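The figures that follow rest on heavy atoms only: side chains count, while hydrogens, waters and symmetry mates do not. Predicted model, so just to flag it, every value in this text is computed and none were measured.
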Amino acid sequence: MTKRALITGITGQDGSYLAEFLLHQGYEVVGMLRRSSTVNFERIAHVQEQLTLVPGDLLDEVSLIGILREHQPTEVYNLAAQSFVQTSWGQPVLTGETTALGVTRLLDAIRIAAPEARFYQASSSEMFGKVHEVPQSERTPFYPRSPYGVAKVYGHWITVNYRESYGLHASSGMLFNHESPRRGLEFVTRKVSHGVARIVCGLDDKLLLGNLESQRDWGFAGDYVRAMWLMLQQDKASDYVVATGETHSVRQLCELAFAHVDLDWAEHVVVDERFLRPAEVDLLVGDATLARTELGWEQTVDFPALVAMMVDADVELVRRTGR
Ligand code: NDP
Ligand code: GDR
C-alpha cells in the first residue's frame with residue numbers, strides 16, 4: 001500500500017524535518033500551506049520538488065475536508081499552530097482558533113473524509129506549565145500558563161476524545177522544546193545563536209533577552225520528528241512525552257553559545273523587560289521513559305552539540321548573507 005502522509009505546518013521547523021524524514025522512508029508527502037502574499041518555502045526549498053503542496057488552513061474546515069477527500073492520506077501530522085508563546089497573550093483568540101479549535105476541525109474532517117488515517121497531534125510541554133511534579137511524564141497533571149498552553153491542553157484532550165468517541169487512531173506527542181538551525185528567529189535558542197553570530201561578525205554588540213532563569217529541556221528537532229512517526233507505527237494509538245531528561249537555564253544557554261566563539265556572555269547580554277512574560281513557566285524537564293521503552297526512541301544530539309550546531313550555522317549564515 002502507498003504510504004501517503006499529510007503534514008499541516010510543513011513550512012515550519014518541524015514540518016521541514018518531518019517531510020525530509022518521511023520522503024526518506026518512501027512516503028508520498030502532501031504538505032498543506034496557508035495562503036500568503038509572499039512565498040515562505042525557505043525551510044522546504046531543498047525538497048520542494050518531491051512534495052505535493054496544497055492550499056488549506058486550519059481555520060477553514062472545508063479546505064481540510066477537500067484535501068483529505070482528494071489525497072486520502074494514511075497518516076496525518078498536525079503540526080500547524082500559532083506556536084509562539086509570547087504572541088499568544090497579544091492574540092489569544094487567534095491562538096485559540098488555530099491551536100485549539102483547529103485540531104477539532106482537522107479531527108472532524110478526518111472523521112468525515114478519511115477515518116482510517118492515523119493522526120498525530122503536536123502537543124506540548126507548555127501544557128505542564130506551573131509544574132505539579134519534576135520530571136513531567138504522561139501522568140503529570142496540566143497547569144498551562146499562557147493562552148498558547150491553554151489552547152494546547154484543549155488540542156490534547158480533543159485528540160483523546162476523538163480517539164475514544166470515534167475509534168480514530170489518534171496520538172498526542174507531548175514534546176518538550178526542540179530546536180535547530182531552522183528554528184524561528186523569535187525563539188530564545190535561535191535568538192541567542194543568531195545574536196552571537198551578529199556580534200562575532202561585528203553587526204551588533206548587545207543581545208536583549210527576557211528571563212534568564214527559566215529552565216527548559218532542549219533537544220534537537222531532527223530527533224523529535226522521528227518520535228512523531230514512531231507513534232503512528234504502533235498498533236494502538238497513545239500519548240507520549242518526548243524529552244531529553246536534562247534541563248538548562250537560559251543563562252546556561254547564553255554561557256555555552258558565547259563561549260563557543262570565545263566570547264563572554266556577560267559583556268553582551270542585557271535583560272530587557274519587554275521580553276518578560278505575564279506568567280512564566282519556570283522549569284521544564286521531561287521523563288521520556290515510555291517513548292524509549294515502547295517506541296524505541298533515542299536522542300542523538302545532546303545540549304552542547306545542539307548549541308554548537310546552531311551557533312556554527314548562524315555564523316555561517318551571517319557571514320554569507322551579511323545580515
Ligand atoms: P513553527 O512556528 O515553526 O511552524 C508552525 C507552522 O504552522 C507553520 O508552517 C505555519 O505556517 C503553520 N500555520 C500557522 N497557522 C496556520 C493556519 N491557520 N493554518 C495552517 N497552517 C498554519 O512551529 P514548529 O515547527 O516549531 O512546531 C510545530 C508544532 O509543534 C506546533 O504545533 C507547535 O506548537 C508544536 N510544538 C513545538 C515545539 C517546539 O519546541 N518546536 C514543542 C512542542 C510542540 P506559516 O509558515 O504560513 O506561518
Ligand atoms: P517556549 O520557547 O516559550 O518554551 O515555547 P521560547 O524559546 O520562546 O522561550 C523559552 C524560555 O526562554 C525565555 N526567554 C526568552 N524567550 C524568547 N522567545 N525571547 C527572549 O528574548 C527570551 N528571554 C528569555 C522565555 O521566557 C522562556 O522561559 C516553545 C515553542 O516552540 C512552543 O510552541 C512549544 O510548545 C514549547 O517550546 C515547548
Side-chain angles (χ1 to χ4, degrees), residues 6-16 18 30-40 43 53-71 73 76-115 117 119-129 142-166 168 170-175 177 183-187 228 239 277-279 281:
L6 170 66
I7 304 176
T8 72
I10 193 152
T11 54
Q13 170 189 259
D14 290 8
S16 69
L18 181 64
V30 180
M32 188 181 90
L33 300 169
R34 57 180 173 162
R35 196 260 160 193
S36 73
S37 66
T38 51
V39 176
N40 63 343
R43 297 182 174 110
L53 297 174
V54 296
D57 199 303
L58 280 191
L59 301 180
D60 186 328
E61 188 167 343
V62 172
S63 69
L64 305 176
I65 293 172
I67 292 168
L68 290 163
R69 279 216 171 110
E70 184 177 343
H71 296 280
V76 177
Y77 295 86
N78 183 35
L79 308 187
Q82 191 303 93
S83 78
F84 189 39
V85 171
Q86 183 106 38
T87 291
S88 76
W89 278 283
Q91 300 179 14
V93 176
L94 177 80
T95 301
E97 282 289 353
T98 310
T99 307
L101 282 178
V103 188
T104 309
R105 293 192 191 94
L106 185 52
L107 282 165
D108 216 49
I110 290 174
R111 182 180 69 78
I112 292 166
F119 176 78
Y120 173 83
Q121 167 57 15
S123 290
S124 166
S125 51
E126 282 295 296
M127 302 190 303
F128 300 119
F142 300 144
Y143 191 142
R145 292 275 279 171
S146 62
Y148 169 84
V150 173
K152 282 290 180 187
V153 170
Y154 176 94
H156 170 81
W157 280 116
I158 201 70
T159 301
V160 173
N161 181 259
Y162 268 56
R163 178 168 78 216
E164 294 175 353
S165 302
Y166 302 112
L168 297 187
S171 294
S172 167
M174 295 178 250
L175 271 49
N177 300 53
R183 189 57 143 148
L185 285 166
E186 67 274 38
F187 298 93
M228 300 174 185
D239 310 317
R277 297 177 176 183
V281 171

One should read off an interatomic distance between Trp157 CH2 and Asn161 CG, to the nearest 0.5 angstrom, of 10.0 Å
CG (Leu101) and CG (Leu58) are apart, to the nearest 0.5 Å, by 10.5 Å
Smallest heavy-atom separation, Thr98 atom then Gln82 atom, equals CG2-N, 3.8 Å
Taken to the nearest 0.5 Å, the spacing of Arg105 CZ from Asp60 CG works out to 8.5 Å
*Should the pair Asp239-Arg163 be classified as a salt bridge under the 4.0 Å nitrogen-to-oxygen rule?*
yes
- For residues Glu61 and Ile112, determine if any side-chain heavy atom of one lies less than 4.5 Å from a side-chain heavy atom of the other. yes
Rounded to the nearest 0.5 Å, the CG atom of Asn177 sits from the CD atom of Glu126 at a distance of 7.0 Å
In this structure, OH of Tyr77 is separated from OG1 of Thr8 (nearest 0.5 Å) by 12.0 Å
message = Any non-hydrogen side-chain atom of Thr99 less than 4.5 Å from a side-chain atom of Thr95?
response = yes
| query | If you measure only the distance, is there a donor-acceptor pair under 3.5 Å linking the side chains of Thr104 and Asp108? | reply | no
Scanning both residues in full, the closest heavy-atom pair of Asp57 with Leu64 reads O-CD2, 3.8 Å
With sequence neighbours left out, the residues meeting ring pair (Phe, Tyr, Trp, His ring centres under 6.0 Å) with Tyr162 are Tyr166
**Study point:** 4.5 Å side-chain heavy-atom contact, Met228 and Leu175
**Key:** yes
Paired with Leu53, the side chain to side chain contact (heavy atoms under 4.5 Å, CB included) test is passed by just one of Val30, Thr11, Leu33, namely Leu33
Rounding to 0.5 Å, atoms CZ (Arg111) and CG (Leu68) come to a distance of 12.5 Å
What one should report as the nearest heavy-atom pair of Phe187 and Ser83 is CZ-OG, 3.6 Å
Item to complete: Evaluate the side-chain proximity of Glu97 to Gln91: yes if any heavy-atom separation is below 4.5 Å, no if none is.
Response: no
Applying side chain to side chain contact (heavy atoms under 4.5 Å, CB included) to Gln86 and not counting sequence neighbours gives Phe84, Arg277
- Can you check whether Phe142 and Phe128 have ring centres sitting under 6.0 Å from each other? yes
Backbone of Ser172 reached by a side-chain donor or acceptor of Ser123 within 3.5 Å:
no
Quick one, Met32 and Leu106 - any side-chain contact, counting heavy atoms below 4.5 Å? no
Taking every heavy atom of Ile65 against every heavy atom of Ala109, the minimum-distance pair comes out as CG1-CB, 3.7 Å
Contacts of Arg43 meeting salt bridge (charged side-chain N to carboxylate O under 4.0 Å, His left out) (sequence neighbours excluded), chain-then-number -> none
